[in-house]
2 protein chains.
Amino acid sequence: MTRSRPVRADARRNIDALLAAAKAAFADSGVDAPVRDIAARAGVGVGTVYRHFPQRSDLVVAVFQHEVDACTAAAAELAAEHTPGEALARWLRRYTEFIATKRGLAAALHSGDPAFDALPGYFDHHLRPALKSLLDTAVAAGQARPDVDPDDLLPAVANLCFFDDITRPGHARRMVDLLIDGLCRTPRLPSSA
Amino acid sequence: MTRSRPVRADARRNIDALLAAAKAAFADSGVDAPVRDIAARAGVGVGTVYRHFPQRSDLVVAVFQHEVDACTAAAAELAAEHTPGEALARWLRRYTEFIATKRGLAAALHSGDPAFDALPGYFDHHLRPALKSLLDTAVAAGQARPDVDPDDLLPAVANLCFFDDITRPGHARRMVDLLIDGLCRTPRLPSSA
DNA sequence: TGCCAAAGCGGAACATAGTTCCGTATAGTT
DNA sequence: AACTATACGGAACTATGTTCCGCTTTGGCA
């Protein structure tokens, strides 16, 4: 029901190559990277790009969702391989890397282009549960402070990275590390007031 | 010293026509309005546009500053013609109109294009003193509550408008009116903790 | 008033970008 | 092996920013 006819093998290859090429191009040149460049990186013609992604924005959306999925999947993998606190810390750095490749996407998201309307929802719907699970587990194990809300943490880290300044390399990374350090300790004062 | 040679009369006319045409085009189609459209509205050729505004972004910047200037000047005019509270309220609505024509500019401002680096500073440097003066006068006259900071008010109103939803016409206007109503009354509770 | 050099003008032409089209190649089936 | 739906490549078309240059206008000056 989901797929009326199976995708041909060469098409599957090209789609994968295009997603990888687009990811690289967006990281290098921002979301405005020309379609021709992406096609060249993937070793295909522009016609092939448009066969699979009828509009440029479809490619942007696909790469974004692909990376959200990968970042979501990383949560379960890290949880299986590390202590709860370590898994949380590693995932937040992984999430930082994800955000770091989104240069220019923030502007596109707020540009009002309806092509990108679904992205914030996709983002929240997948990443929030992933983080919540890691955080809850870490808190239960006494390896993260209990007074932090995942709904605060996710955009906070994103903001740290979105406004990352080219003139201060590593700034975002340092700030996120700081946040993680704070997160994995108990509050300095009882969080009353 | 400021101008080595005076601007020729026809050039002056065209510059004014271009600023007006660009303002209208930006309001209709956003900051991405094509240069050809703007030239046509102004009744000039594209060459003329580029003579006076070497890059597209220069035209955007010029229109923006032109409108900031007009909005700043309105503060003094309103202060001379109305009671302090009324002048404040009218100016805030005037400011709302200014923001409303900025569709797409917010995204451009945050896109990292260095052409727009100076705009936020220009904005603050001119509009903040204008509002502060109106607000102080209204507070002194007992026509506005004293516990509101102009540095809060200016971005607050801007945010109300920047995220104005096309699907809910008049939303921003209503929210700003609400804000003004609150501003011109005394706090409901002593503004302690 | 008439002349003229500088300043300004218009729009064709160029460069780059998204998108479409179509003749050719190929995967997968019979 | 033959065949057909699917997919491929890239030239061509459209839209947009920008440049160039021959023609026109302005404003000072004789």
Side-chain angles (χ1 to χ4, degrees), chain A residues 2-22 25-26 28-63 103-105 107-108 111-116, chain B residues 2-22 24-26 28-63 104-105 107-108 111-116:
Chain A
T2 45
R3 48 191 61 180
S4 41
R5 23 185 152 77
V7 184
R8 230 170 72 173
D10 54 348
R12 179 75 264 156
R13 262 198 315 277
N14 281 329
I15 290 172
D16 291 342
L18 274 172
L19 286 175
F26 294 160
D28 284 356
S29 322
V31 284
D32 289 331
V35 172
R36 283 168 178 75
D37 286 3
I38 297 168
R41 279 184 196 245
V44 305
V46 284
T48 302
V49 179
Y50 279 90
R51 161 163 294 269
H52 299 299
F53 305 96
Q55 305 206 341
R56 226 196 84 83
S57 57
D58 294 330
L59 187 53
V60 175
V61 169
V63 169
R103 182 160 33 120
L105 186 63
S111 68
D113 186 333
F116 301 120
Chain B
T2 46
R3 48 192 62 184
S4 41
R5 22 187 153 77
V7 184
R8 231 169 70 174
D10 53 347
R12 178 76 262 156
R13 263 199 314 277
N14 282 330
I15 290 172
D16 291 343
L18 275 172
L19 287 174
F26 294 158
D28 284 356
S29 321
V31 284
D32 289 331
V35 172
R36 283 168 179 73
D37 286 3
I38 297 169
R41 280 185 196 245
V44 305
V46 284
T48 302
V49 179
Y50 279 90
R51 161 163 294 268
H52 299 300
F53 305 97
Q55 306 207 354
R56 227 195 83 84
S57 57
D58 294 331
L59 187 52
V60 175
V61 169
V63 169
L105 185 62
S111 68
D113 185 335
F116 301 121

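Distance CZ (A:F53) to C1' (C:dA17): 19 Å, rounded to an integer number of Å. In this entry the distance linking CD1 of B:I15 with C1' of C:dA7 reads 12 Å, nearest Å. Following rounding to the nearest Å, B:R13 (CZ) and D:dT24 (C1') show an atom-to-atom distance of 13 Å. As rounded to whole Å, 14 Å separates atom C1' of D:dA7 from atom CZ of A:R12. A straight line from CG of B:L59 to C1' of D:dT18 spans 14 Å, rounded to a whole angstrom. Remark: P of D:dT26 and CG of B:D10 are 6 Å apart, rounded to the nearest angstrom. Following rounding to the nearest Å, A:N14 (CG) and D:dG10 (P) show an atom-to-atom distance of 12 Å. One interatomic measurement links the two molecules: CG of A:L18 to C1' of D:dC8, which rounds to 12 Å at whole-angstrom precision.
Within the 4.5 Å cutoff, no side-chain heavy atoms of A:L59 are placed close to those of A:Y50. For the pair A:D28/A:R41, a side-chain contact is recorded, criterion being any heavy-atom separation below 4.5 Å from C-beta on. Side-chain contact between B:V60 and B:Q55 is absent, with no heavy-atom pair separated by less than 4.5 Å. Two residues are said to be in side-chain contact when any heavy atoms from C-beta on lie closer than 4.5 Å; A:F26 and A:D32 fail this criterion.
Closest to the side chain of A:R8, out of D:dT19, C:dG18, D:dA7, is D:dA7. Which of D:dG9, D:dC8, D:dT16 sits closest to the side chain of B:R36 comes down to D:dT16. When the nucleotides C:dC9, C:dT20, C:dG28 are ranked by their closest atom to the side chain of A:Y50, C:dT20 comes out on top. With distances taken from any side-chain atom of B:P34 to the nucleotides D:dA7, C:dG28, D:dG17, the minimum falls on D:dG17.
Considering A:L18, A:I15, A:D58, A:N14 in turn, A:L18 is the only one that fulfils the side-chain contact (heavy atoms from CB on, under 4.5 Å) rule with A:V49.
Regarding contacts with the backbone of D:dG9, a side-chain N or O of A:T48 is found under 4.0 angstrom from either OP1 or OP2. Residue B:H52 places none of its side-chain N or O atoms closer than 4.0 Å to OP1 or OP2 of C:dG8.
Across all strands shown, B:A9 has heavy atoms under 4.0 Å from sugar-phosphate atoms exclusively, and none from any base.
Between A:G43 and B:R51, the residue anchored closer to the 5' end of DNA chain D is A:G43, taking for each the nucleotide with the nearest heavy atom.
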